[in-house]
Number of protein chains: 2
Amino acid sequence: MNVIEVDDPRDERLADYVRLRDVNLRRSLEAEHGLFMAEGEKVIRRALRAGFEPRSLLLTRRRLAALANVAESAAAPVYVVDDDVAESVVGFDLHRGALASVRRRPLPAADAVLSGARRVVVLEDIVDHTNVGAIFRSAAGLGIDALLLAPRCADPLYRRSVKVSMGAVFTQPYARLDDWYGGLDDLRGRGFRLLALTPGPGSVPLAGALAATGPADRVALLLGTEGDGLSSRWLDQADAAVRIPMAPGRDVDSFNVTAAAAIACYELVRDAPA
Amino acid sequence: MNVIEVDDPRDERLADYVRLRDVNLRRSLEAEHGLFMAEGEKVIRRALRAGFEPRSLLLTRRRLAALANVAESAAAPVYVVDDDVAESVVGFDLHRGALASVRRRPLPAADAVLSGARRVVVLEDIVDHTNVGAIFRSAAGLGIDALLLAPRCADPLYRRSVKVSMGAVFTQPYARLDDWYGGLDDLRGRGFRLLALTPGPGSVPLAGALAATGPADRVALLLGTEGDGLSSRWLDQADAAVRIPMAPGRDVDSFNVTAAAAIACYELVRDAPA
């Protein structure tokens with residue numbers, strides 16, 4: 001067991017964990033070192049089960065017992081600190097008491113995640129990490145074959161996304177499009193029917209649009225940014241605009257993007273062959 | 001137009017708006033005065049359209065024009081303040097620039113919202129205001145006939161719930177159960193089939209359970225607290241345990257409660273008669 005007690009919050013060995021709420025710092029630090037943060041026992045265990053390799057773990061003293069078998073089998077150093085040292089390093093009360101700094105892996109190319117995929121969801125510029133995490137959790141839980149992310153979509157491995165996804169970002173196949181403007185051409189070329197989810201005029205109920213495709217047909221559902229929805233470029237590129245039917249008389253004009261994504265993913269896989 | 005310029009953040013006329021992030025203060029202040037906060041132009045307009053009466057409005061100078069017609073027709077005073085006065089009163093940068101202090105109305109009895117209802121969702125102790133707001137938005141958007149809230153469920157008219165619901169709390173019929181232990185007896189007595197949503201063992205797919213009931217039958221879906229789910233008391237009381245089918249191999253053991261609620265509400269109304 002590679003357990004190392006650390007008393008000084010400025011100890012260089014804790015550098016991966018500094019100021020977790022400082023978004024700008026974290027973006028550059030994590031990109032430079034190719035790492036991401038997994039927080040809490042459950043999520044850390046899922047990262048390891050998914051084959052990710054930790055650079056190190058940071059545990060508060062009272063969490064060491066709960067994670068003893070992880071600490072024992074980890075090839076990486078396990079830093080054990082007092083609660084106040086943890087708080088001083090990360091910048092808030094680390095009440096879950098467990099963090100892992102985990103090595104990123106190269107993202108697969110779109111080709112790799114699309115091969116064999118029949119039900120795909122494409123996220124155009126979902127910018128909120130909480131929403132990205134929640135969408136991954138629903139997509140993974142329901143068994144969406146692949147997620148594709150537009151270039152400006154938020155990072156699924158950012159700490160908040162990982163946490164909200166409860167680790168679903170580790171098992172849900174996904175890739176990033178490197179071209180927004182022409183990004184959908186490749187999908188169309190592969191025979192995917194492109195359905196744009198939008199409450200706007202001209203859209204037809206999602207269930208009906210799916211019933212018109214065979215369950216073995218390839219379908220890609222396009223989901224737009226919070227607030228403004230899909231860009232006109234992507235709306236134009238889609239084969240059809242689809243919506244989740246809304247009740248009249250409630251003065252509600254749209255769903256929350258994570259609720260819409262959950263319903264859409266559910267509908268996408270409902271009749272899909274196992 | 002009853003517009004009143006106020007320069008002093010300590011002005012007693014702004015007392016409804018103080019320290020909006022101080023949960024304990026707000027709970028007692030809002031209960032004592034029978035008010036709730038509506039935030040942002042869209043939500044304020046929805047509150048008024050739903051027939052709620054403002055005690056007053058608080059607008060920053062640059063938002064007055066956008067809400068001029070509301071300000072003109074409001075019988076209540078409209079306080080106009082500079083950005084820094086607003087921030088000093090509410091305790092944060094009021095970037096939406098518009099608040100209304102709105103009179104609460106007595107909640108209807110369960111009897112009133114259940115009369116004629118066929119599709120009902122019952123929330124047992126959802127304690128997070130964000131989740132309550134998100135569930136109301138999905139339920140209202142999809143047309144759930146009524147929501148019933150267990151005694152310890154968070155307040156849908158708390159500022160954060162109102163905001164996340166985008167005003168759906170104004171139009172979605174709901175009532176509060178005043179008895180947790182025996183609260184489901186009344187529903188059963190009215191002929192509702194009680195379906196407990198849980199990923200636990202013994203649960204059957206929700207869609208199948210609904211297919212076994214006629215679309216005109218009365219169904220109440222029970223949704224449990226974040227994390228722990230339904231109490232064993234309510235699980236015991238239900239006619240059947242139902243689940244949203246999950247994909248194997250993704251190491252996901254549950255859905256986020258708002259995603260589960262969205263999917264369940266969607267499934268509940270999917271085949272319901274219009």
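Order of the sequence lines sets the chain letters (A, B, ...), proteins ahead of strands, with each chain counted from 1.
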According to ring-ring contact (aromatic ring centres under 6.0 Å, His included), does anything in residues 96-132 of chain A pair up with another residue at least two apart or in another chain? List the pairs.
A:His129-A:Tyr158
So, A:Arg137 side chain and B:Ser254 main chain: donor-acceptor pair closer than 3.5 Å or not?
yes
Please report the shortest heavy-atom distance between A:Ala247 and B:Ala140, naming the atom on each side.
CB-O, 3.9 Å
Rounded distance (nearest 0.5 Å) linking atom CG of B:Asn256 with atom OG1 of A:Thr130:
10.5 Å
Against chain B, work out which of A:Thr258, A:Ile144, A:Val164 has the most heavy-atom pairs shorter than 4.5 Å and name it.
A:Ile144
Contacts of B:Glu267 meeting side chain to side chain donor-acceptor pair (under 3.5 Å) (sequence neighbours excluded), chain-then-number -> A:Tyr266, B:Arg270
Only pairs at least two apart or in different chains count here, so list each side-chain hydrogen bond (donor to acceptor under 3.5 Å, both in side chains) that has a residue in residues 203-224 of chain B.
B:Ser203-B:Arg243
The reported gap from CD1 in B:Ile244 to SG in A:Cys265 (rounded to nearest 0.5 angstrom) is 12.0 Å
Short side-chain to backbone donor-acceptor contact, B:Arg250 and A:Gln172, under 3.5 Å:
no
To the nearest 0.5 Å, tell me how far A:Ile263 CD1 sits from B:Leu142 CG.
4.5 Å
Considering only heavy atoms, which portion of B:Ser165 lies under 4.5 Å from any heavy atom of chain A: side chain, backbone, both, or neither?
neither
Does B:Glu53, at its CD atom, have more than 12 non-hydrogen atoms belonging to other residues, nucleotides or ligands within less than 6.0 Å?
no
May I ask you to test the A:Arg49-B:Asp251 pair for a side-chain heavy-atom distance under 4.5 Å?
yes
Proximity of residues 35-45 of chain B to chain A, residues having a non-hydrogen atom under 4.5 angstrom
B:Lys42
